[in-house]
Amino acid sequence: MSDHTPDISHDQHAVRRQKLADLRAAGLDPFRANCATTHFSGDALKAYVEGQDNTVTVSVAGRLVVIRDMGKSQFVKILDQQGQIQLYVKKDVVGDEAYAQFKKFDLGDIVGATGTLFKTRSGEVTVRVDTFILVAKALRPLPEKWHGLSDPEQVYRQRYLDLIVNAESRARLMLRSRVVSHIRRFLEDRSFLEVETPVLEATAGGAAARPFVTHHNALNVDFVLRIATELRLKRMLVGGFDRVFEIGRIFRNEGVSRRHNPEFTMLEVYEAYSDYRGMMRLIRDLLTSLVRDVIRPADGSLRIRHAASGQEIDFGGEWREVRYKDLIIAATGDAEWFARPKAEKIARAEAMGLSIHPGWEEFEITNEIFSKQIEPTLIQPTFVTHLPRELCPLAKLNRDDPSVLDVFELTIGGMEVAPAYSEQNDPDVQREMFERQAGEERQNIDQDFLLALEHGMPPAGGMGVGIDRLCILLTGAESIRDVILFPQLRPGA
RNA sequence: GGGUCGAUAGCUCAACGGUAGAGCAGCGUCCUUUUAAGUCGUUGGUUCUGGGUUCGAAUCCCAGUCGACCCA
């Protein structure tokens, strides 16, 4: 009598569900089991003593990502946070019953194993398994082992799969963690205090961007998600926290692109009794230490390859410093650019292939040239200084030429990486700048910030660093989505 | 918002108006030091969705969904 069990062999999910059911029927529930580990894979590999096979015992755990079944023995590899390590499971070591159980494991299952380290004929340090345990059954198959997961939509929506099968993604996103960690240590070593300021705010200040609006039910008021942390951190300077920083999520309700995610991470740092010159030293020290200690170029230099331009960016060379005006004059080939009437500026900008919005002010036309024609060409680290006063209402005016600001914009790889200011601390000038910027929309002026300035803010240098863009640069990524674990996508169909 | 391109087996991809295929994965067999292991056999499809053209559509047309790139 044959039973009429339907053939499910083509349906991997059904096959794995059946295996799980069989395990449970045998009194084993892999989701209840746990295992003790002594080593991550990389640490276990380092624990091997050359020439002394099977003297060091380790317990490791991870996801099965390679299975090579050789009949009465198997070579498998497991993946953990540090990478992969090979396990060798022999029938006459683990016993017939256990071996039969091991043979039923699937790619993707999470197992723990204890055994001794040895080196295979081809020289790979491997765990000769004495005991093992299944601690989580994978009911879904892994993506293909050789090509990995390449559908970009699935990579972003199911990042966990990307991380399992695409080593480059895992390395890139781990590097981001190390970058952020390094920044914290770097600043803490210099007596900066990390603070946390509100994400929900009554008015969106500190930058020009459209905010997300949300509603607080109990208070029955609308709030916006912050578009910068600047005005809060400056209040900390007023409060006597002389060196502060925040690595915070910022939300801007604007387009999504290769360079923009609606939520992104910004470092803002403020240092009392410093100025934009001090910020130059700080950012240069920070970035060179990041390249030296985190990226660690193989040749010992401070150069990293810039994917988009094919050039090498040298963090160890001279960092160019150039005035905004000089860049504009060079790009337009027009020494009289700033004296030209608006109509001539428009004509000349359009002749350069730029589309100029009719409502733009003159500084916006000029800045369009900067962002479209100049910034993308600034591959090596470049401090652009003496920006026109209209561009940053929160910075101090230059003493010798009040039409420009004591600020820089650090541009690397054709991207703005870090703007920094000598911070405006004159409450009256600040109010005037705000009012000029706000025009009719005075209700958006942060009056409490101005009140805080009236209490006296020490002179200070301040700087913002886009962490995502920095990570694009440092990891050679093509898109911001590649350095954000879960980039924003339209909700799936 | 506009333009271009894409969506086919769990994954990576073929087929481009005439019976939807391959590799990996799966299932079954052989193999106790493999390295994308090898070996023999084998299952698996609402070709993104909905319309249309056609004797016949994965393929051509229209609309939609989602994604990528470029532009705004």
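Since the structure is predicted, the reported quantities are computational estimates derived from the model, not experimental observations.
Between the side chain of A/Gln12 and the base of B/rA25, at least one donor-acceptor pair of N or O atoms lies under 3.5 Å.
Using a 4.0 Å heavy-atom distance criterion, A/Lys145 is classed as a sugar-phosphate-only contact. Residue-level contact check: A/Val165 touches neither bases nor backbone, having no heavy atom under 4.0 Å from any strand. A/Gln74 comes within 4.0 angstrom of no nucleic acid atom, judged by non-hydrogen atoms across all strands. Among the protein residues, A/Gly148 comes within range of the sugar-phosphate backbone only, with heavy atoms under 4.0 Å from sugar or phosphate atoms but none that close to a base. Across all strands shown, A/Ile8 has no heavy atoms under 4.0 Å from either base or sugar-phosphate atoms. When heavy atoms are screened at a 4.0 angstrom cut-off, A/Thr120 is found touching base atoms of the nucleic acid. Counting any heavy atom pair closer than 4.0 Å across all strands shown, A/Arg481 reaches sugar-phosphate atoms only and no base atom.
Going from atom CZ of A/Arg157 over to atom C1' of B/rC66 covers 6 Å, rounded to whole Å. Spacing between atom CG of A/Leu149 and atom C1' of B/rC24 amounts to 14 Å, rounded to whole angstrom units. Protein atom CD of A/Gln158 is 17 Å distant from nucleotide atom P of B/rC66, rounded to whole Å. What separates CZ of A/Arg258 from P of B/rG67 is a distance of 17 Å, to the nearest Å. In this structure, CZ of A/Arg68 is placed 9 Å from P of B/rG38, rounded to the nearest angstrom. Computed from coordinates, the A/Ile164 CD1 to B/rU12 C1' distance equals 17 Å when rounded to whole Å. Rounded to whole angstrom, the span from the OH atom of A/Tyr156 across to the P atom of B/rC66 amounts to 17 Å. A/Leu87 places its CG atom 17 Å from the P atom of B/rU34, with the value rounded to the nearest Å.
Contact annotation: A/Gln86 does not reach the phosphate of B/rU35 (side-chain N/O to OP1 or OP2, under 4.0 Å).
Across A/Lys342, A/Arg340, A/Lys345, a single residue satisfies salt bridge (Lys or Arg N to Asp or Glu O under 4.0 Å) together with A/Glu362, and that is A/Lys345.
Between A/Phe132 and A/Phe105, the distance separating the two ring centers is shorter than 6.0 angstrom.
Between B/rU33 and B/rG28, the distance separating the two C1' atoms is 26 Å to the nearest Å. The separation of B/rU59 from B/rG18, taken at their C1' atoms, amounts to 11 Å, rounded to a whole angstrom. Taking the C1' atoms as reference points, B/rG10 lies 10 Å from B/rG44, given to the whole Å. Rounded to whole Å, the P atom of B/rC60 lies 12 Å from the corresponding atom of B/rA15. Comparing B/rU54 with B/rA14, their P atoms sit 31 Å apart, to the nearest whole Å. Atom C1' of B/rG51 sits at a distance of 15 Å from the matching atom of B/rU65, rounded to the whole Å. Across B/rG50 and B/rA58, the matching C1' atoms stand 16 Å from one another, rounded to whole Å. Taking atom P on both nucleotides, B/rA25 is separated from B/rA37 by 7 Å, rounded to a whole Å.
For the pair A/Arg17/A/Lys137, no side-chain contact is recorded, criterion being any heavy-atom separation below 4.5 Å from C-beta on. Looking only at side-chain heavy atoms (C-beta outward), A/His260 and A/Glu254 stay at 4.5 Å or farther from each other.
Here B/rC40 sits opposite B/rG28 as a Watson-Crick or G-U wobble pair (both hydrogen-bonding atom distances under 3.5 Å). With a cut-off of 3.5 Å on both pairing distances, the Watson-Crick or G-U wobble partner of B/rU12 is B/rA22. Pairing for B/rU53 is absent, judged as Watson-Crick or G-U wobble with the two contacts each under 3.5 Å. For B/rG17, there is no paired base (Watson-Crick or G-U wobble, both distances below 3.5 Å). Look at B/rU4: its Watson-Crick or wobble partner, with both distances under 3.5 angstrom, is B/rA68.
A salt bridge does not link A/Asp162 with A/Arg170: none of the charged nitrogens is closer than 4.0 Å to a carboxylate oxygen. We find that A/Asp53 and A/Lys119 are not joined by a salt bridge, their nearest charged nitrogen and carboxylate oxygen being 4.0 Å or further apart. Looking at A/Lys91 and A/Glu97, no side-chain N of the basic residue comes within less than 4.0 Å of a carboxylate O on the acidic one, giving no salt bridge.
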Short N/O separations, protein against nucleotides 43-50 of chain B, under 3.5 angstrom:
none

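Looking at which nucleotide of RNA chain B each of A/Ser73 and A/Lys372 is closest to, the 5′-most match is held by A/Ser73. Map A/Ile67 and A/Asp151 each onto its nearest nucleotide of RNA chain B; the residue landing nearer the 5' end is A/Asp151.
A donor and an acceptor atom, one from each side chain of A/Tyr156 and A/Asp482, are located under 3.5 Å apart. A/Asp80 and A/Ser41 form a side-chain donor-acceptor contact under 3.5 Å, judged by distance and modelled atom types alone.
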